[in-house]
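Take a look at the structure below.
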Amino acid sequence: MTTEQPFLPVLLGSDMNAYGMARAFYEAYGIKPLVLGRSHLTATQDSHIINFQAIDRLNEQDVFAPALAEVAKKYSNKKLLLLACGDDYAKLIIKNKPALQEHFTVPYIDESLMDEILLKENFYKMCDKYNFKYPGTTTVTADNYENFTPPFDYPIILKASNSVEYWACKFPGKKKVFVAHDEVEKTAILKAIYSSTYQDTMIIQEFIPGDDSYMRVLNAYVGKDGKVKLMCLGNPILEEHSPEGIGSYAAIVTTYDKELLDQVRSFLEDIGYTGFANFDMKYDMRDKQYKLFEINLRNGRSSYYVTASGHNLMKYVADDHMLNIEQDVTYVQDKHLWMIIPKGVLFKYASNEKLKLEAKKLIREGKYTNSLYYNQDMNAKRWVKLTLNNLNYYRKYKKYFNNKGLSE
C-alpha cells in the first residue's frame with residue numbers, strides 16, 4: 001500500500017541498484033519511486049513498487065536535460081529528488097546540475113570537484129595527501145599501446161578509463177575488466193580493444209593477490225551540511241565472474257573497521273563532499289594495507305547491503321533533503337548477509353571458509369537478504385523471472401569461475 005508523501009524520488013537506471021533503491025524508499029515511506037531508464041531490465045520488471053518510464057537515449061547529453069525537464073513538468077505538484085543508479089547518469093546529473101536544480105533537488109557535488117576525483121592523476125594526488133594507499137597504476141593510449149611495457153610485474157589489470165565510451169563499443173571477447181598474465185596476452189587484449197570504436201585511455205594496474213574476499217566496499221552518505229551521516233563497510237564473499245559482471249559484488253557481509261571509517265570520513269568532509277560516495281578497495285596481505293581502487297560519486301550497485309543491515313540508505317538522503325530532519329553520524333556495526341545469488345552458488349564457489357561459516361550463521365539467525373526478492377512485491381511473473389535469473393547464475397559460475405582471485 002502506497003503512502004502519500006510531499007516528495008517523489010526520481011531514479012535514473014533500471015538495474016539491480018535501481019530496484020534496491022526503490023525498495024528502500026518503499027520500505028521507509030511507502031512511496032513508489034519514478035524509475036527512468038533506456039530499457040526495462042530483469043531487476044525492475046513486473047514490480048509493483050516502482051513506476052517505470054522508458055526514455056530512449058536518456059544517457060546522451062542532447063536528450064538528458066530536456067527529457068528530465070519534461071518529467072518535472074508532469075510531476076510539478078511534488079518535490080522531486082533526483083538520484084543516479086549508475087556512473088553515466090551520476091556524471092550527467094553533475095554536468096547538468098545548474099539546469100536540473102530548477103526542477104529537482106540534486107544531492108551531488110559540483111563538476112569541478114567531480115573532475116578532481118575522477119581524473120586519475122588528480123585522484124592519486126588526493127590519495128597521497130590523505131594517506132590512502134593504491135595499486136601501482138599507469139595508463140596506455142591508442143597511440144602508444146604497441147610499444148607499451150608495464151612498470152610492474154605480471155599479472156596486470158586492464159580497464160577502461162572512460163567507462164561510458166567503453167560500454168558503447170563492441171569487440172570479440174569484451175570484458176568489464178581484463179587480467180593479462182604476460183606480454184603476449186597484454187598485447188592481444190589492447191589490440192582487440194583499440195581495434196574497436198573505443199580510442200580513449202586504458203588504465204593499467206598491478207594485480208593485488210587474494211580472492212574475492214580480500215575486497216572491501218564502503219558506502220557513505222554526506223549530508224547537505226557537509227558532515228558524514230552514515231558509513232557502512234562491507235566484506236564481499238563472492239563477486240560475479242561473467243565477462244560483463246566482473247568486479248560486481250554478489251554476496252557481502254557487513255564488517256567494521258573504525259580506523260578506516262575515520263580516515264574516509266575526514267577525507268570526505270575535508271574536500272567538501274556531499275551526497276552518496278562508494279569506495280572499492282582491496283586488502284593487500286603483503287603489506288597489510290587497504291589499496292583504494294576508486295571512488296564512485298553515487299551509492300554502489302550492491303548498496304542495498306547497507307539498508308538490509310537496518311540502516312536505510314535512502315532514508316538518509318530523503319530525511320536530509322526532503323524532510324529537513326537532523327541526523328547524527330552512524331558507523332554501521334550490525335552484522336548482515338546481503339546477496340543476489342542463490343545460496344547454492346555462494347557456498348559452492350566462495351573460498352573464504354571463515355566468511356562462509358559467518359554467512360551460514362547469519363542465515364540461521366535470519367540476518368540475510370536478497371534485495372531482488374521482496375515479499376511485498378512478489379507476483380507470478382516476477383517470481384518466474386527471478387527464478388530463471390537464479391538458475392542462470394549456476395550456469396554462469398560453472399562457465400566462468402576460477403578461484404585464483406583473477407577474473408579470467
Side-chain angles (χ1 to χ4, degrees), residues 57 59-62 64 84 86-92 94-95 109 111-130 132-209 242-248 278-282 284 291-298 405-408:
R57 295 173 50 230
N59 63 333
E60 296 176 26
Q61 174 62 35
D62 61 325
F64 184 75
D87 291 328
D88 50 353
Y89 289 125
K91 287 174 192 172
L92 279 167
I94 292 167
K95 280 179 181 292
I109 58 175
E111 192 170 1
S112 56
L113 183 54
M114 174 177 80
D115 290 342
E116 270 192 73
I117 291 169
L118 291 188
L119 286 172
K120 292 300 175 192
E121 54 269 38
N122 292 341
F123 171 64
Y124 292 125
K125 280 179 194 162
M126 289 174 104
C127 285
D128 290 335
K129 181 180 175 183
Y130 291 96
F132 288 109
K133 306 301 179 192
Y134 51 89
T137 302
T138 187
T139 57
V140 65
T141 66
D143 297 326
N144 68 5
Y145 81 90
E146 289 172 321
N147 302 313
F148 168 76
T149 303
F152 26 78
D153 294 336
Y154 287 98
I156 59 169
I157 302 287
L158 302 92
K159 56 188 178 184
S161 177
N162 187 331
S163 56
V164 177
E165 289 297 319
Y166 185 72
W167 282 115
C169 83
K170 291 180 181 173
F171 59 90
K174 181 180 173 183
K175 295 181 181 181
K176 184 178 170 186
V177 179
F178 288 92
V179 177
H181 300 86
D182 54 40
E183 191 77 16
V184 173
E185 206 170 353
K186 177 266 298 177
T187 303
I189 291 165
L190 290 173
K191 188 173 181 182
I193 292 167
Y194 285 124
S195 298
S196 76
T197 55
Y198 186 84
Q199 296 299 300
D200 213 327
T201 304
M202 290 295 295
I203 295 162
I204 314 295
Q205 285 185 325
E206 69 169 321
F207 178 79
I208 294 171
S242 59
E244 72 282 359
I246 287 167
S248 298
N278 168 240
F279 296 77
D280 289 307
M281 59 193 87
K282 192 169 185 179
D284 190 338
K291 302 291 170 70
L292 187 59
F293 289 159
E294 61 185 349
I295 303 174
N296 296 305
L297 312 179
R298 54 170 176 83
L406 303 179
S407 301
E408 296 181 301

Leu292/Cys127 under side-chain contact (heavy atoms from CB on, under 4.5 Å): CA gap, chis, key distance, verdict: CA-CA 8 Å; Leu292 187 59; Cys127 285; 4.0 Å; yes
Would you give the length of the straight line joining atom [atom1] of [X] to atom [atom2] of [Y], rounded to the nearest 0.5 angstrom?
X      : Y      : atom1 : atom2 : answer
Asn122 : Lys125 : CG    : NZ    : 5.5 Å
Lys91  : Gln61  : NZ    : CD    : 13.5 Å
Leu118 : Ile295 : CG    : CD1   : 9.0 Å
Asp128 : Lys133 : CG    : NZ    : 8.0 Å
Thr139 : Gln205 : OG1   : CD    : 11.0 Å
Ile94  : Ile109 : CD1   : CD1   : 4.5 Å

Lys/Arg cation over aromatic Tyr166: Lys174, 6.0 Å, 45° cone: yes
Within-4.5 Å side-chain heavy-atom neighbours: [X] and [Y]:
X      : Y      : answer
His181 : Val179 : yes
Ile203 : Thr137 : yes
Leu297 : Leu113 : no
Asp62  : Arg57  : yes
Trp167 : Asp88  : no

CA sep, side-chain torsions, deciding dist, call: Phe178, Ile246, side-chain contact (heavy atoms from CB on, under 4.5 Å): CA-CA 9 Å; Phe178 288 92; Ile246 287 167; over 6 Å; no
Residue pairs fulfilling side-chain hydrogen bond (donor to acceptor under 3.5 Å, both in side chains) with at least one residue in residues 144-153, sequence neighbours excluded: Thr141-Asn144
Verdict with supporting geometry, Tyr194 and Cys169, side-chain contact (heavy atoms from CB on, under 4.5 Å): CA-CA 10 Å; Tyr194 285 124; Cys169 83; over 6 Å; no
For [X] and [Y], which heavy atoms make the closest approach, and how far apart are they?
X      : Y      : result
Ala160 : Tyr198 : CB-OH, 3.6 Å
Pro135 : Phe293 : CG-CE2, 3.2 Å
Pro155 : Phe207 : O-CB, 3.3 Å
Ser248 : Lys176 : OG-NZ, 3.2 Å
Ile117 : Phe123 : O-CB, 3.2 Å

Chi angles and distances behind the side-chain contact (heavy atoms from CB on, under 4.5 Å) call for Leu190, Leu158: CA-CA 9 Å; Leu190 290 173; Leu158 302 92; 3.7 Å; yes
Contacts of type salt bridge (charged side-chain N to carboxylate O under 4.0 Å, His left out), residue Glu116, not counting sequence neighbours: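 With neighbours one apart ignored, the set is empty.
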Backbone N/O of Ile208 and side chain of Lys282: donor-acceptor pair under 3.5 Å: yes
ring-ring contact (aromatic ring centres under 6.0 Å, His included) involving Tyr134 - partner list, sequence neighbours excluded: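 In terms of ring-ring contact (aromatic ring centres under 6.0 Å, His included), with neighbours along the sequence ignored, Tyr134 is linked to Tyr124.
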Among Glu206, Glu185, Glu183, the one residue meeting side chain to side chain donor-acceptor pair (under 3.5 Å) with Tyr154: Glu183
Heavy atoms of other groups near Lys159 NZ, more than 12 under 6.0 Å: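 Yes, because the 6.0 Å sphere around NZ of Lys159 holds more than 12 heavy atoms from other groups.
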